[in-house]
There are 2 protein chains.
Amino acid sequence: MLFIIGGETFFIMERKMTIKDIAQLAGVSPATVSNVMNKTGRVSKETVSRVIEIVNEKNFNLNASARTLRQKVSRLIAILVPDYSESENTYHGQELGIANPFYLEFVSKTEEILSKHGFETIFKVVSVKSDLKFIKERNLDGVIVIGAHEGSEFTSKVVSYNVPVVFVDSYLSNGEVSLINTDDQLGGYLSTRHLLGLGHQKILFISGELQSSGVNYERSLGYQRALEEHGVKIEPSFIIQTDVTVEEGRALAHRLAFKNNEFTGIVTTADALAIGLIRGFYECGISVPGQVSIVGFDDISVSAFIIPSITTVHQDFELKAKRAAILLTKLIHGSDSEKIQQDNLLPKLIVRESTAEPFSK
Amino acid sequence: MLFIIGGETFFIMERKMTIKDIAQLAGVSPATVSNVMNKTGRVSKETVSRVIEIVNEKNFNLNASARTLRQKVSRLIAILVPDYSESENTYHGQELGIANPFYLEFVSKTEEILSKHGFETIFKVVSVKSDLKFIKERNLDGVIVIGAHEGSEFTSKVVSYNVPVVFVDSYLSNGEVSLINTDDQLGGYLSTRHLLGLGHQKILFISGELQSSGVNYERSLGYQRALEEHGVKIEPSFIIQTDVTVEEGRALAHRLAFKNNEFTGIVTTADALAIGLIRGFYECGISVPGQVSIVGFDDISVSAFIIPSITTVHQDFELKAKRAAILLTKLIHGSDSEKIQQDNLLPKLIVRESTAEPFSK
DNA sequence: AATGTGTGGTGAAACGTTTAATCAATTTTT
DNA sequence: AAAAATTGATTAAACGTTTCACCACACATT
């Protein structure tokens, strides 16, 4: 509220209404107001409406800090994206889950659902070396972690806080946690089998780090399984690790171009990579799918529209977000606090223009 | 902590350490511990180190709720994305700022900076009709709003909470707020002038809603200004409003294809639109830039790599995020609480393959 | 009439900090 | 040597809720 007194302007923060003020105005005790606000049902109809009226008139809101202090429940959850970039396993910025466009959809969808359950959502990119003390400090009710790596102490750090937690897109040896993944192995399998079915035999597999990223590793297993099933020998040099960026895809294509007679198909673990590869090959005069077939992963929004459109493995991020959010609320409210659950969503192959039968001379 | 007693398992939440426990262990008063934790400098060297040691040993964290209750400062800010989808101005999901991939970069960059200043960041997609009571309830220290529209009561609602707020990508008639925008008019001007410079005269302008979105409206002004400067008559039917999605771009191209002799260039307000248009024209056998030149906007990560790569207007989202975050911290800490500031970042035209001289028969 | 059962409501403690007021001891100033 | 200032620490109130124990009253049950 702004007051102007004798030429001086004063900015006077009106004291915030408290439950006591409301109580006084309504002629009841603070406890009763509290009961009204929390709909405990222990208040008579008439008193409820009288209190409600004043609450609305005065535009009163409860103070979340006071509530949390008393109840030890914050109605606050966090979505955590671990940042491994400074750790032993060198990762580059773009590798971050969060740089992956589709995670936005995930984050905002998750937030939407949790919001309906009465939670506010803190979003945080956290270095894997940082302490996670805000979990305790803020009395977080739960945590969702996206893309944690196996083996780092980060996972156990999160778990050690003894707060309900759901891991998403994380492969962890510790089976004692709740997990929502895509069946990445199946994804890798489907895309590879698709190329094999078209008649390809010499198929590269291009992904990010295999060792630390379970997602990539699983997809590579799917690739290998498909090859084995088709009696195709697995050629270690055909498995290539790189940064998962459009730019790296392009650069890699240039490096691969001169030996393009050694392979006819490429399975990748990201549409971004596929787009970069297609561009790179284009710059080298190699046509996709004429000379090389390429399969992406994720089905990001532009994949259906670029030229050639990309054959890819579709993930339903909305569903994934829904599952994660709902599982977390169950863990939080669940009477049986041990409700560990693991869920593998099924990916789906979508055939478009970037794959075709191998070129025969 | 997990106890197993006589076959029964008990999950015993160890009582959380409080400042009093630490005080007792260190043989000092709670007030002293508080002073140590907050580095007020009013404690002797020796006491500090004794307390610190115990704090570390016991792994003690302050309770944020208690602090906030007392201080009325939460060290919490919110990034708000207004959702207009159910309001009068019908918008479709994809129009949401948040569905725009580059906003992820913005959000995570902003979070990173605010985090360094000691804030946690709540992320929320909010219906423009919803109350914003969490701002008061949680004692938020500040708010960043992305993509607010002129005229809706949403803006004044936010402002009415009397909390430091920075609007981003919002055009608001109320000049009394802090604002970080891109110079959208300049962006529209640059892209249009580029086409004019190549010799185009018949140039379409394709964007989302003009009326409610200041961003789009400003870009259209830039488009018109460029045309005027070149003495080209503005043809109202050349200004087309549509949903800003790849799919809509494609559909629109199909509708425009049969009259492709009426125009030779297209200015758009989003790379997503440009990508869709290129695809649509491709499906109709119209080549870009052979028969039509197209300019995008934003310079999303794939724009440089698709075929043809897209001539577009580049925005520096990292810079934008930095400006917004830092301005907000200034508003929060600033001694002179009235430090309204408005900032227009300069966009940059990036010429790539999707534009060329108009086809001459 | 005595006892039990609900119903609607109140009082006051407790949650874990911060901070203003105060104090004791020491050092500096006069 | 007395007064003043500085340093380091303490005490206790305050922040705004929730919730347990309690109460008064009406009503139903023996």
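To find a chain, count down the sequence lines: A is the first, B the second, and so on, and within it residues start at 1.
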Of the candidates D:dT17, D:dT19, C:dT18, the side chain of B:Arg70 sits closest to C:dT18
Picking from D:dT11, C:dG11, C:dC15, which would you name as closest to the side chain of A:Leu69? C:dC15
Inspect the contact between [Y] and [X] and indicate whether a charged nitrogen and a carboxylate oxygen are less than 4.0 angstrom apart.
X: A:Arg75; Y: A:Glu120; answer: no
X: A:Arg50; Y: A:Glu46; answer: no
X: B:Lys320; Y: B:Asp169; answer: yes

On DNA chain D, compare the nucleotides closest to B:Arg50 and B:Ala66; which residue's is nearer the 5' end? B:Arg50
Side chain to side chain donor-acceptor pair (under 3.5 Å) for A:Asn139 and A:Thr68? Distances and angles first, verdict last. CA-CA 8 Å; A:Asn139 277 111; A:Thr68 302; over 6 Å; no
Polar contact flag, side-chain donor to acceptor under 3.5 angstrom, A:Asn35-A:Thr40: yes
side-chain N/O [X] vs [N] OP1/OP2, d < 4.0 Å:
X: A:Lys72; N: C:dG16; result: yes
X: A:Gln71; N: D:dT19; result: yes
X: B:Thr18; N: C:dG16; result: no

Note down the inter-axis angle between the two ends of the helix from C:dA1-D:dT30 to C:dT30-D:dA1, five pairs each, to the nearest 10°. 40°
For [X] and [N], what is the distance between atoms [atom1] and [atom2] respectively, to the nearest whole Å?
X: B:Asn63; N: C:dC15; atom1: CG; atom2: P; result: 12 Å
X: B:Ile19; N: C:dT19; atom1: CD1; atom2: P; result: 11 Å
X: B:Asn139; N: D:dG16; atom1: CG; atom2: P; result: 9 Å

What contact category does B:Asp21 fall into here, base, sugar-phosphate, or nothing, at under 4.0 angstrom with non-hydrogen atoms? nothing
Across the strands shown, which category fits B:Lys20 at heavy-atom distances under 4.0 angstrom: base, sugar-phosphate, nothing? base
Taking the six-membered ring of B:Phe317, is the NZ or CZ of B:Lys109 close enough (under 6.0 Å from the centre) and on axis enough (within 45°)? no
Just checking A:Gln24: does its CD atom have more than 12 heavy atoms from other residues, nucleotides or ligands closer to it than 6.0 angstrom? no
Validation row: A:Leu132, A:Val158 side chains within 4.5 angstrom (heavy atoms): yes
Let's see if you get this right: which residues in residues 32-47 of chain A place a heavy atom under 4.0 Å from DNA chain D? A:Ser34, A:Asn38
Is the B:Tyr84 to B:His149 ring centre distance short of 6.0 Å? yes
